[in-house]
Amino acid sequence: MAAVLFTCAGQRVDVVSAFARAGATTVAADADPLAPTLYHADVKALVPRVDDPGYVPALAALVRAHDVRLVVPLTDLDQALLARGRDALAPALVLVPEPAVCERMADKYLAHVFFEEQGLPTPRSWLPGGLPADVRWPVLVKARLGFGSRHIYRAGDAGELAFHLARTPVPSFVQERCRGEEFSIDVFCDLEGRCLNAIPRTMIQSKGGESIKGMSIADAELIEHGARVAETVGIRGPANVQCFREPDGSLPVTDVNPRFGGAFPLPLAAGSRYPDLALALARGERPEPRLGEFREGIVMTRFFTDLCLVRGENGELEPFAEELPEPIAAEPGETDA
């Protein structure tokens, strides 16, 4: 049974539980002792913040202590740091792309420039002060290093644009607003950069930049597009590709996040087998691509749950209930019997 270390575990109970069902021993690490995922893993570990020089050494100690074979980041915060720390985390496989890829995709303007250079469709975008005369209003002011739809503002004219640029607290860029329907494509690539699968889903409803309602769709054009984008970017492991289908039929890419997407339960229920693929890579195997092999029409609707904690005899927090609440539904076809 392979041990998997999840960094910045936060609230990603869905991902950690899925790996446990796939046969992994789960080790969850976070700087916050109240991170819910810590209490749904086999092993919980408190580590320094990602900006602390002791962060990677603390993870390396966990790799040694628990014979970890796979390291999986669960947020955008430490991807480049982990990529640069591969040697320190050996022999575990760090499931992230090269550092340059992580840094390029983290900076949304640099990602846009890369997409243009590689011939991938992307909305027209400019640095502040560089808008052309033929700009199509409205536009969006977006944080270059943003996540979770933070610091995004809509500007209907030059006056509103100047207002938002003067007040946004973070380095930003300007992007034309897409007019079509938005889609997300959850992809998974092997260590050679081959896309093993790409599962498109609709964005029925989102909150805070995270999809809470959606449906898997067997759209051949989106499957091919997601695979092309992932392989062009240089993804290793999971990623989420966000794009629009515009009235002219183009598929401009707005974002590529090199991690499991926030709507991970949907592609999982659709048959992605992404945890199994990740574990296979950690074992040194070379799975074959299975593009388009998933269930279409799977609808996801997400909800909140909770976990109550109490101080134990040793002074550490532990679940108050006798049994941990399990918010993850059974796999399709499974029963409690």
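Residue numbers run from 1 in the order of the sequence given. Just so it is clear, the values below take in all heavy atoms, side chains as well, and ignore hydrogens, waters and symmetry mates. From a predicted model like this one, the values you see are computed outputs, not experimental measurements.
- Among all heavy-atom pairs drawn from Asp186 and Pro267, the shortest one is OD2-CG, 3.5 Å.
- Residue Glu176 qualifies as enclosed at atom CD: its count of foreign heavy atoms under 6.0 Å is above 12.
- The pair Glu210-Arg302 meets the salt-bridge criterion, since a charged nitrogen lies less than 4.0 angstrom from a carboxylate oxygen.
- A continuous path of Ile, Leu, Val, Met, Phe, Trp and Tyr side chains, each step under 4.5 Å between heavy atoms, connects Val72 with Leu191, placing both in one hydrophobic cluster.
- Atom-to-atom distance recorded for Phe294:CZ and Ile199:CD1 is 6.0 Å, nearest 0.5 angstrom.
- Taking NZ from Lys108 and CG from Leu145, the interatomic distance works out to 8.5 Å, rounded to the nearest 0.5 Å.
- Looking at every heavy atom in both residues, Ala22 comes nearest to Asp276 through CB-OD1, 3.9 Å.
- Nearest heavy-atom pair across Leu279 and Ala2 is CD2-CB, 4.4 Å.
- You'll find the side chain of Glu192 reaches within 4.5 Å of the side chain of Arg286, heavy atoms only.
- Ile185 and Leu268 fall into different hydrophobic clusters, where Ile, Leu, Val, Met, Phe, Trp and Tyr side chains are chained together by heavy-atom contacts under 4.5 Å.
- Within the cation-pi definition used here (under 6.0 Å to the ring centroid, within 45° of the axis), Arg245 qualifies as a partner of Phe183.
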| field | Full working for side-chain contact (heavy atoms from CB on, under 4.5 Å) between Thr254 and Thr122 | value | CA-CA 6 Å; Thr254 57; Thr122 180; over 6 Å; no
| field | Worked check of side-chain contact (heavy atoms from CB on, under 4.5 Å) between Arg86 and Val71 | value | CA-CA 10 Å; Arg86 289 186 203 276; Val71 178; over 6 Å; no
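- The shortest heavy-atom contact between Leu81 and Val50 is CD2-O, 3.4 Å.
- Side chains of Thr168 and His151: a donor-acceptor N/O pair is absent below 3.5 angstrom, by distance only.
- Between the CG atom of Leu46 and the CG atom of Asp32 there is a distance of 8.5 Å, given to the nearest 0.5 Å.
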| message | Let's go through Leu5 and Leu70 carefully: what are the C-alpha distance in whole Å and the side-chain angles of both, what is the deciding distance for side-chain contact (heavy atoms from CB on, under 4.5 Å) to 0.1 Å, and is it a yes or a no? | response | CA-CA 6 Å; Leu5 172 61; Leu70 180 66; over 6 Å; no
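- Of the possible donor and acceptor atoms, one in the side chain of Asp107 sits under 3.5 Å from a partner among the backbone N and O of Leu110.
- Here the side chain of Gln205 pairs no donor or acceptor atom with the backbone of Ser211 at under 3.5 angstrom.
- Between the side chain of Ser216 and the main chain of Gly297, a donor-acceptor pair closer than 3.5 Å is present.
- In this structure a side-chain-to-backbone donor-acceptor pair under 3.5 Å is missing from Thr26 to Val16.
- Salt bridge present: Glu103 and Arg84 bring a charged side-chain N and a carboxylate O closer than 4.0 Å.
- In Asp248, the CG atom is crowded: over 12 heavy atoms of neighbouring residues, nucleotides or ligands sit closer than 6.0 Å.
- Residues Phe19 and Phe6 place their aromatic rings such that the two centres sit under 6.0 Å apart.
- Atom-to-atom distance recorded for Leu277:CG and Arg290:CZ is 6.5 Å, nearest 0.5 angstrom.
- Cation-pi geometry between Arg104 and Phe114 is satisfied (NZ or CZ under 6.0 Å from the ring centre, within 45° of the ring normal).
- Checking side-chain atoms of Thr232 against main-chain N and O of Ala230 turns up no donor-acceptor pair under 3.5 Å.
- Within the 4.5 Å cutoff, no side-chain heavy atoms of Leu74 are placed close to those of Arg259.
- Side-chain atoms of Glu224 never come within 3.5 Å of backbone atoms of Ala220 as a donor-acceptor pair (strictly under, hydrogens ignored).
- A distance of 11.5 Å separates NZ of Lys142 from CZ of Arg177, quoted to the nearest 0.5 Å.
- Using modelled atom types, one finds no donor on one side chain facing an acceptor on the other under 3.5 Å when comparing Asp42 with Thr25.
- Asn257 places a side-chain heavy atom less than 4.5 Å from the side chain of Asp255.
- A donor-acceptor pair is defined here as one N or O able to donate and one able to accept, closer than 3.5 Å; no such pair exists between the side chain of Glu231 and the backbone of Arg194.
- Contact of the Leu131 side chain with the Arg124 side chain is not registered, since no non-hydrogen atoms from C-beta on lie closer than 4.5 Å.
- By the criterion of side-chain heavy atoms lying less than 4.5 angstrom apart, applied directly or through intervening Ile, Leu, Val, Met, Phe, Trp or Tyr residues, Met105 is not grouped with Phe260; the two fall into different hydrophobic clusters.
- Not a single donor-acceptor pair under 3.5 Å links the side chain of Ser250 to the backbone N or O of Glu246.
- For the pair His40 and Leu307, the minimum side-chain heavy-atom distance is below 4.5 Å.
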| Given the rule in the side-chain contact (heavy atoms from CB on, under 4.5 Å) test, do Phe188 and Leu95 qualify, once you have shown the distances and angles that lead to the verdict? | CA-CA 11 Å; Phe188 193 94; Leu95 201 61; 4.2 Å; yes
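- The minimum heavy-atom distance between Pro123 and Cys178, with the atom names listed, is CG-SG, 3.5 Å.
- Criterion: ILVMFWY side-chain heavy atoms under 4.5 Å apart, direct or through other members. Under it, Tyr153 and Trp137 are part of a common hydrophobic cluster.
- The shortest side-chain heavy-atom distance between Leu59 and Leu82 falls under the 4.5 Å cut-off.
- Note that CD1 of Ile298 and CD1 of Ile217 are 13.5 Å apart. Values are rounded to the nearest 0.5 Å.
- For the pairing with Pro258, the side chain to side chain contact (heavy atoms under 4.5 Å, CB included) check across Ile235, Asn240, Val96 returns one residue only, Ile235.
- No side-chain heavy atom of Ile223 sits under 4.5 Å from any side-chain heavy atom of Glu221.
- Between Glu313 and Arg311, none of the side-chain N atoms (NZ, or NE/NH1/NH2) sits under 4.0 Å from a carboxylate O, so this pair counts as no salt bridge.
- The two residues Ala227 and Ala198 make their nearest non-hydrogen contact at N-CB, 4.2 Å.
- Put simply, the side chain of Pro238 does not reach to within 4.5 Å of the side chain of Phe264, judged on heavy atoms.
- Hydrophobic cluster membership differs between Phe244 and Phe115, with clusters built from Ile, Leu, Val, Met, Phe, Trp and Tyr side chains linked at under 4.5 angstrom.
- Proximity of a side-chain donor or acceptor of His66 to a complementary backbone N or O of Ala3 within less than 3.5 Å is not detected.
- At a threshold of 4.0 Å, the pair Asp134-Arg136 does not count as salt-bridged, since none of the basic side-chain nitrogens sits closer than that to a carboxylate oxygen.
- With hydrogens and angles disregarded, a donor-acceptor distance shorter than 3.5 Å links the side chain of Asn197 to the backbone of Gly292.
- Between Arg201 and Glu296, no side-chain nitrogen of the basic residue sits less than 4.0 Å from a carboxylate oxygen of the acidic one, so the salt-bridge criterion is not met.
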